[in-house]
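The block underneath contains the structure these notes are about, expressed in structure tokens.
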Amino acid sequence: MDTQNLLFSLFCVFLISLFSGQQQVVEGSRASPYAFRPKKLFVFGDSYADTGNNRKGLASSWKFPYGITFPGKPAGRFSDGRISTDYIAGYLGIKTPVPYRWRKQLAGRLKYGLNFAYGGTGVFNTLVPEPNMTTQIDFLQQLLNDSVYTKRGLKTSVALVSVAGNDYSTYLSRNGSAAGFPAFISSVVSQLTVNLKRIHNLGVRKIAVSALQPLGCLPQSTARFSFQQCNGTENSLVNLHNQLLAKAVNDLNKQTNSTSFFILDLYDAFWTVFNQKEAHQVSPKFENPFQPCCVGVSAEYSCGSVDENGVKKYTLCSNPKSKFFWDTVHPTQEGWQAVYSTPAFQNSLKPLC
């Protein structure tokens, strides 16, 4: 074996180690041996679902201390460890699909599906120069055109569509008006509806779209209240998004005469953890669910930041398992485990299989 081939082989071994191990996530139980059993998972969306698509020079997810819990080093997830995609794949009994950017190096894993989600992106273009959801769906369309997948093969697949609010933060950063917010929310849900229908038309059997989590409870919003309370105005806008999304999903099922589309209830799942209403099912109890584990030392820095001399400009909690949030936006692995374990989330997953 020449040096070039040896290096390529070692690189592939590294990637396999980086994106393996998700089978440790506990599988969910299925109601019937004759029920639909998905074989592939396709993922679209943002950092709540991205497992390594963002470019290393662009995303904090490739910086230490991201990934310190799993896989033990930065690997492209916006957390200290596993995220929603890993838990949903585990529920389905399949391996976590590899990121789209590594599809050629890990071609043997394509039989489990692919993850097209890019952190920081939205339904529309955002401030992050990565593919929006329309382009992500284009990637799957191209793979069908190239016969990497077949429409018949997609009949045994499901899709996870993550929308975590990047369109709305972009709207605010571009000085969008408060008066225009409801109309913009409507436009986001309308385009999202187009995207869901398009994924279905490509042949995907079932499509789960996430309800918007309580954005007003993310640390980036609760910091001004010393991490003690949520921003009610933001959550009111979230409720409007979720109401419009529920109607859109219901209409899609009527139009297609199916039950192909359904919502993953992140909103109620997050609130269940925050309120500890189901303490026996949510472990552990988080000391202060709104306070993150990893945060910049000042507003100009964030988790993973270092200065020009390589000196870290963030603080890190001693035990990520004691925190629900990892940074100012994303849950820890323990946080995602808690969300996954809630009745709201478990009930949402049942239509998948």
Side-chain angles (χ1 to χ4, degrees), residues 42-67 74-86 97-102 114-140 159-176 184-185 187-189 191-192 195 209-221 223 234 237-238 241 266 292 294-296 299-306 314 325-332 335-336:
F42 294 102
V43 184
F44 305 89
D46 46 41
S47 59
Y48 268 36
D50 181 10
T51 54
N53 274 315
N54 281 83
R55 286 168 282 176
K56 290 187 177 182
L58 186 68
S60 60
S61 57
W62 289 102
K63 300 176 182 177
F64 184 84
Y66 286 80
R77 287 172 175 79
F78 288 81
S79 183
D80 65 309
R82 295 176 177 86
I83 61 170
S84 61
T85 304
D86 300 303
V98 297
Y100 173 74
R101 68 175 293 191
W102 303 111
L114 267 177
N115 189 334
F116 301 97
Y118 283 77
T121 65
V123 172
F124 300 121
N125 288 334
T126 63
L127 302 178
V128 175
E130 297 282 22
N132 66 22
M133 193 177 293
T134 297
T135 305
Q136 293 172 24
I137 300 169
D138 288 343
F139 293 155
L140 178 57
L160 165 64
V161 180
S162 172
V163 180
N166 291 319
D167 291 290
Y168 301 132
S169 57
T170 300
Y171 177 84
L172 292 172
S173 69
R174 291 174 175 166
N175 298 315
F184 181 68
I185 292 173
S187 69
V188 168
V189 175
Q191 181 58 46
L192 178 57
N195 294 343
V209 57
S210 64
L212 201 58
Q213 76 279 20
L215 295 178
C217 299
L218 303 187
Q220 65 182 11
S221 296
E234 288 184 49
L237 295 169
V238 168
H241 170 101
L266 275 189
C294 186
V295 65
E300 61 185 301
Y301 298 108
S302 58
C303 181
S305 292
V306 296
Y314 61 89
F325 281 108
W326 168 245
D327 56 21
T328 59
V329 175
H330 309 95
T332 58
W336 277 121

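Numbering of residues begins at 1 and proceeds along the displayed sequence.
Side-chain contact check for Val238 versus Pro214: every heavy-atom pair is 4.5 Å or farther apart. Between Ser187 and Phe124 the shortest side-chain heavy-atom distance falls below 4.5 Å. You'll find the side chain of Val128 reaches within 4.5 Å of the side chain of Leu58, heavy atoms only. For the pair Val123/Asn132, no side-chain contact is recorded, criterion being any heavy-atom separation below 4.5 Å from C-beta on. In this structure, Tyr168 and Leu212 have side chains that are in contact, with non-hydrogen atoms separated by less than 4.5 Å. Here the side chains of Ile137 and Thr134 are not in contact, with every heavy-atom distance at 4.5 Å or above. A heavy-atom distance below 4.5 Å is found between the side chains of Val43 and Pro97. Two residues are said to be in side-chain contact when any heavy atoms from C-beta on lie closer than 4.5 Å; Arg77 and Thr85 fail this criterion.
The shortest non-hydrogen separation linking Pro292 to Pro219 is CD-CB, 3.8 Å. Scanning all heavy atoms of the two residues, the minimum distance from Gly165 to Leu215 falls at CA-CD1, 4.4 Å. Across all non-hydrogen atoms, the minimal contact from Cys303 to Asp327 is CB-CB, 4.1 Å. Taking each heavy atom of Ser162 and Ser210 in turn, the nearest pair found is CA-OG, 3.5 Å. Summarising the geometry of Cys217 relative to Phe325, their closest heavy-atom pair is O-CE1, 3.7 Å, with the distance given to 0.1 Å. Of all heavy-atom pairs between Val329 and Gln220, the closest is CG2-OE1, 3.3 Å.
Looking at Thr170 and Asp167, their side chains never bring a donor and an acceptor atom within 3.5 Å of each other. Side-chain contact check for Gln191 and Asn195: at least one donor-acceptor pair (N or O, by modelled atom type) lies under 3.5 Å.
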side-chain contact (heavy atoms from CB on, under 4.5 Å) between Leu192 and Val161, intermediate numbers included: CA-CA 9 Å; Leu192 178 57; Val161 180; 4.0 Å; yes

Step-by-step side chain to side chain donor-acceptor pair (under 3.5 Å) determination, Thr121 to Glu130: CA-CA 6 Å; Thr121 65; Glu130 297 282 22; over 6 Å; no

Stepwise side-chain contact (heavy atoms from CB on, under 4.5 Å) check, Arg55 with Trp62: CA-CA 8 Å; Arg55 286 168 282 176; Trp62 289 102; over 6 Å; no

Stepwise side-chain contact (heavy atoms from CB on, under 4.5 Å) check, Leu114 with Val98: CA-CA 5 Å; Leu114 267 177; Val98 297; 3.7 Å; yes

Evaluation steps, side-chain contact (heavy atoms from CB on, under 4.5 Å), between Ile185 and Leu237: CA-CA 8 Å; Ile185 292 173; Leu237 295 169; 4.0 Å; yes

Intermediate values then yes/no, side chain to side chain donor-acceptor pair (under 3.5 Å), Asp50 and Ser47: CA-CA 5 Å; Asp50 181 10; Ser47 59; over 6 Å; no

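Remark: His241 NE2 to Phe184 CZ distance equals 11.0 Å, nearest 0.5 Å. One finds the CZ atom of Phe44 at 9.0 Å from the CE atom of Met133 (value rounded to the nearest 0.5 Å). Between the CG atom in Asn54 and the CG atom in Asp46 there is a gap of 10.0 Å [rounded to 0.5 Å]. Atom NZ in Lys63 sits 11.0 Å away from atom SG in Cys294 (nearest 0.5 Å).
Taking the six-membered ring where the residue is Trp, Trp336 and Tyr48 present perpendicular rings, their angle passing 60° and hence far from 30°. The aromatic rings of Phe139 and Tyr118 sit tilted, their planes meeting at an angle between 30° and 60°. Taking the six-membered ring where the residue is Trp, Tyr66 and Phe78 present perpendicular rings, their angle passing 60° and hence far from 30°.
A donor-acceptor contact shorter than 3.5 Å links the side chain of Gln136 to the backbone of Pro131. When atom types are taken as modelled, the side chain of Thr135 and the backbone of Asp138 share no donor-acceptor pair closer than 3.5 angstrom. Panel note: side chain Asp80, backbone Gly67; no donor-acceptor pair is recorded below 3.5 Å.
With sequence neighbours left out, Phe64 forms a side-chain contact (heavy atoms from CB on, under 4.5 Å) with Ile68, Pro74, Tyr314. Not counting sequence neighbours, the partners of Ser169 by the side-chain contact (heavy atoms from CB on, under 4.5 Å) test are Asn166.
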